[in-house]
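Letters A, B, ... mirror the listed sequences (proteins, then strands); counts begin at 1.
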Amino acid sequence: MKITTQSLCGTMVKEIAAISGENVAKCYQCGKCTAACPVNMAMDILPHQVLRFLQLGLVEAVLNCNTIWICASCFTCAGRCPRGVDLPGVMEALRAILLRKRGFSRFKAGDMPRVLNKGMPEQGIVSGFRKYTK
Amino acid sequence: MPVNLKLQSFEPLIIAFCCNWCSYAGGDLAGTSRMTYPANVRVIRVPCSSRVSSNFILRAFQRGADGVVVAGCHPGDCHYTSGNYFARRRFLLLQRFLEFLGMEPERFQVHWISASEGNRFAAVMTETTDKIRALGPNRKLRDTR
Amino acid sequence: MRRIGVFICWCGTNIANTVNIEGVTEAAGKMPSVIYADNYKYMCSEIGQSMIKEAIIKEKLDRVVVAACSPRMHELTFFKTAAAAGLNPYLVEIANIREHCSWVHKDKQEATGKAIALIRTAVAKAARNKELWATQIPVECRALVIGGGIGGIQAALDIADAGFEVDLVERTPSIGGRMAQLDKTFPTLDCSACILTPKMVEVASHHNITLYTFSEVEKVDGFVGNFEATIRKKARSIDLEKCTGCGICWEKCPSRVKSEFDEALVMRKAVYVPFPQAVPNVPVIDRASCRRFTREKCGICRKACPAGAVNYDQEDEVLQKKYGAIVVATGFDILDLDDFGEFSYGKHPDVLTSLEFERLVNSSGPTGGRLLRPSDQSPPKNVVFIQCVGSRDKSRGKPYCSKICCMYSAKHAILLREKYPEAQAYVFYIDIRTAGKDFEEFHRRAVEEYGALYLKGSVGKVFPDGDKLLVKGVDSLSGHAVEIEADMVVLAAAIKAKSDAPQLARLLGISTDTHSFFTEAHPKLRPVEAHTAGIFLAGACQGPKDIPETVSQASGAAAKAIILLSKDNLLSNPCVSEVNESLCTGCLSCIKVCPYGAVAEKTIEEKIHGKALKRRVAEVNEALCQGCGSCTVSCRPGAVNLKGFTNEQIMAEVDAICL
Amino acid sequence: MKQLSEILKEVAFGSLSSGEAEMVIGWQKGPFWWQSFPAFITDPGGTGSLIWDPFSVSNLSKYLLKEVPEKKIALFLKGCDALGFNQMLRDGRVDREKVLLFGIPCDGLVDPARVEAAGLSKGLLQVKKEQEELIFYYKKGQRKAPARDFYYAKCLSCRYPNPVIYDQMLGEAVPCQPVERFADVSKLETTPLEERFSYWSRHFSRCIRCFACRNVCPACSCRECIFDLAEPRWLGKANELSETQFYHITRAYHVAGRCVDCGECARICPVGIPLAELNRKFIKDINELYGEYDAGADLDKEAPLLTFKTDDPDVSSGS
């Protein structure tokens, strides 16, 4: 892997910073976010690694992981981060880039009946759409 | 009196040479912490384990000690930098020599006890007393007059 | 026949509950030489002490045994009591019947029996106690500070401010040391020279400080309060008094050699001041490279000097001076990187040590503070900093942490960005250690505000690649091997002790650790004292340190020296070894086991068969002896004895305790 | 050996007559075949009585302590004597400048007890050594036997038959073929504790405390021995086993790390206590624990009890 000034400060990196309003350099890789995450077992890249990859400018690796979709935006990580990094905000920024810029949808309206759970509140359904689709 | 009865009532005399800075202070700490150990142990205070001459140890056995303990600072912690390093050589050789002459090795022991190890001081003294009580009275280097 | 008095303390109920005081008093009264035995509730109280004093006088006691708490507790109290009644304090013995008896035993009969045995032992020892007197050793009220870096400067200033004369000896032509080479200092980024130079000037102008630059300590004899040092003032070839520091001599000088002060990045002249703010601002002629001395030609500087200060015939001057205390502040070197070929240091001009980088960013450095690559004088864009080069490296370097590299690397990353806002710093690290006030915040600033990319991991190789350097390393956090095309690579070479530290240690009679750093007397409680009394340590000569730590240790060492110098006389511990010359065979085993160098050889004259014959014996220096007694055991005929713990005393104790 | 005896006389004569030495210490024949006494000769004319024969066992260097140290003395040293001399030198008991050393290579000396045990002593007048053989001379005739069969035990395990210090070497160096010296110690170490104790008690109880073992020892060179001191009185005068044990333990302990293993103590003991085994126990332990050390030969190494390493083996605490 080659690291250059360009890869470190590419447009995507700047964009993620602009959307999330977060400086990923604040993270010192203690791993508290991952340790606190209730759904970390389902992620292919752990939350702290998401930040590390961004620090190294490896945006594509992060955009291709399932982690940003598994993230439930529960904010446990942000609540416990000793550096005050808004990791859910970063995750949201990553999703936003995929959804808005690249027209990616995590699922379509047709998938709804399959994943619909009887006990799921309507609010959940709505926010799920907002979170996962264009 | 049957022999085994006599043995049961045997209480050994144990002389402990303790260096002033670590082991004697460790003994003091055992006291201030109200630990207990057998009254068979009697302490002679010396500045350093390197002040303990083989002559004192042999003399103690001669005069009736059933066990002798030399206690000093842990190697590396000597108040006088290197005294216990010399003591370690002197006493290891002496211990092996006494054993060579037929003395039970338990009767002459060396322990490193720091000033903070009151519990260790009490434990060492208790264990030593038990061991020597089990060995029975020392007659080997003793003045039989 | 002795007249021994025994005083048994109840310690309230502490002793009295488990020891039968009356029984013990009665038994003590019958012990050999005991003519008086009494007990009291609190022997250490006013009333208890008066009891002892009265009995000493009334009963004409010549020895006193106090059976009470540990001697480590109240021995001094009862020493003073005896002294107040006119009895030499060393005639007092303590039987420890509290910590070693009443507190650790439950059975009253057993405890009472043991208390009697302990008192009998103390009585037996006391009978053989002798009067001992602490001797007075006069103190020479002058301090020697070796090393003119920030540590030595601070120590010298503190001691001088306390009103004592100080001689500051520095090997190089100017004081200032490592700190003078630095640009900015962490974590405040204030300019090193700006805070150091005023102190250097203060040293030079202080009425209590005599400065010996370009000088070395050659020999140290004596002991605490009475050291005698030989100092060689190397010939400067320039008259210190006449020189005005105008600089014409070095402008005209035709010889050029690599500048030590600038880490060999530039050349200096054969007649030179190491740096513009040097104190004293007087050049020296480096005779090894001066044409006058190497080829007996030239003489330009003498002709040029308007003050007539150049003197080729000047000779080394050797001084002998006495000192009461010595502060050692000789600093450190950095590790030679010959064994670390993978970094291409020495093979590519743009691979630098941190100290060289420091000179390159320094405004008085070779580039005037414009950070430029040595290869092509262009500003670097990507700079890779590699930490732990030789530190924490058991196989090729030093196993210890050099302590300052994390911080100065963060500083360098910041300085780089300040000079070139577009430049990128990469820092390879193993761990980041920022234990210090405002250190962690400083490091985070380098990361968050100055954008330094920290990569946890090592660098495997630096390849010169055209005019660039290809750095192959790893980021173990992401698990990626990384490659960086760098314009400059800066190596945080490990700190090591001065290569001649062992020689200085031998000269001073102090010890070094396995890495040749000077050893402190106790790692926690006596961190500024050497094992040898009267010698104190300051700064990185004792182990890697940053400036604030060096300065605090220097002030600590100065305080210790001041305590020593402020005494007219030192009172020695009278419980020291002595040699019975008639028994001494002169085998000198005692010298070998003495940790303090307190035993020496001496020759005495004796009459044998009417002939005066010379014979060697051992002699104890009471000022140096600390009373461990190791020598007494190494002495086969028992010629060496330890006062206060003599063979006779301990034998008597053994005999009595076994009864 | 006859030849060496002649050389010895010559150098003794030479050093006395040239004034190089004021006294020569050598050996002289006594009235019996097994007697070779130390001789102190100041007159060059007296050097003719000097001999070197299979019984010249005394280590002459110990006599230097008794002589006025101002005098320049010439003496003869065998391999074992040289080690002892070096130890005395290290202890500062002799002045190297004041002695002239003639080294004698020696492959072994004859133990009269072995001659007697072999039944050869009756009517024996003289014993001579020729090459590897001893010749026993009687009124009528003579007998021959291999010399090594009659050597002292200490000579059979000798590792330094050629002196390690001398001013002049007399004769050719002899080969060294020592038998294992720690065999007896190792054997004793493995016997049961009580058996070992009774073994040593049996020996010690025969001790008459003549102190010959101390007096002959080149490492026992104190001006005044602690056993002779009145105060503190370390050793009582009574015939009491514990006192004897105290003496023997302390004697061996005092020479630990200093004993050159010359075996003189065991040889001289009138009641046959195997004293060398005590010394060898220390030597064996020191070698095992702190590295090989040969007192008297390893001059560049520090004596093992006067130095230490921070990672020395610990004293087992008996637990």
Under 3.5 Å side-chain donor-acceptor pair for Tyr247(D) and Trp234(D):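 Checked: Tyr247(D)/Trp234(D) side chains show no N/O donor-acceptor pair below 3.5 Å.
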
Measure [X] against the heavy atoms of chain B and call it side chain, backbone, both or neither at under 4.5 Å.
{"X": "Leu241(D)", "answer": "neither"}
{"X": "Glu195(D)", "answer": "neither"}
{"X": "Ile286(D)", "answer": "both"}
{"X": "Thr244(D)", "answer": "neither"}
{"X": "Pro304(D)", "answer": "both"}

Proximity breakdown for Leu94(B) and chain D, heavy-atom pairs closer than 4.5 Å: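 Both parts, backbone and side chain.
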
Arg45(B) to Tyr24(B), cation-pi by 6.0 Å centre distance and 45° axis angle: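 Checked: cation-pi criterion met.
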
Cation-pi check, Arg214(D) onto Phe227(D) ring (under 6.0 Å, within 45° of axis):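 Negative - Arg214(D) is either too far from the ring of Phe227(D) or too far off its axis.
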
Among [options], which residue forms the greatest number of heavy-atom pairs with chain D at distances under 4.5 Å?
{"options": "Phe86(B), Phe61(B), Phe91(B)", "value": "Phe86(B)"}
{"options": "Arg107(B), Arg59(B), Arg142(B), Lys140(B)", "value": "Lys140(B)"}
{"options": "Asn55(B), Thr128(B), Leu58(B), Val70(B)", "value": "Asn55(B)"}

Lys309(D), NZ: over 12 other non-hydrogen atoms inside 6.0 angstrom: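 Counting neighbours around NZ of Lys309(D), 12 or fewer heavy atoms of other residues, nucleotides or ligands fall under 6.0 Å, so no.
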
Most contacts with chain B, counted as non-hydrogen pairs under 4.5 angstrom, among Arg196(D), Gln245(D), Glu277(D):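 Of Arg196(D), Gln245(D), Glu277(D), Arg196(D) has the most heavy-atom pairs under 4.5 Å with chain B.
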
Approximate separation, where rounding is to 0.5 Å, of Leu77(D) CG and Cys106(D) SG: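 Rounded to the nearest 0.5 Å, the CG-SG separation comes out at 11.5 Å.
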
Ion pair Glu288(D)/Arg96(B), N-O distance below 4.0 Å: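 Between Arg96(B) and Glu288(D) there is a salt bridge, with a charged N closer than 4.0 Å to a carboxylate O.
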
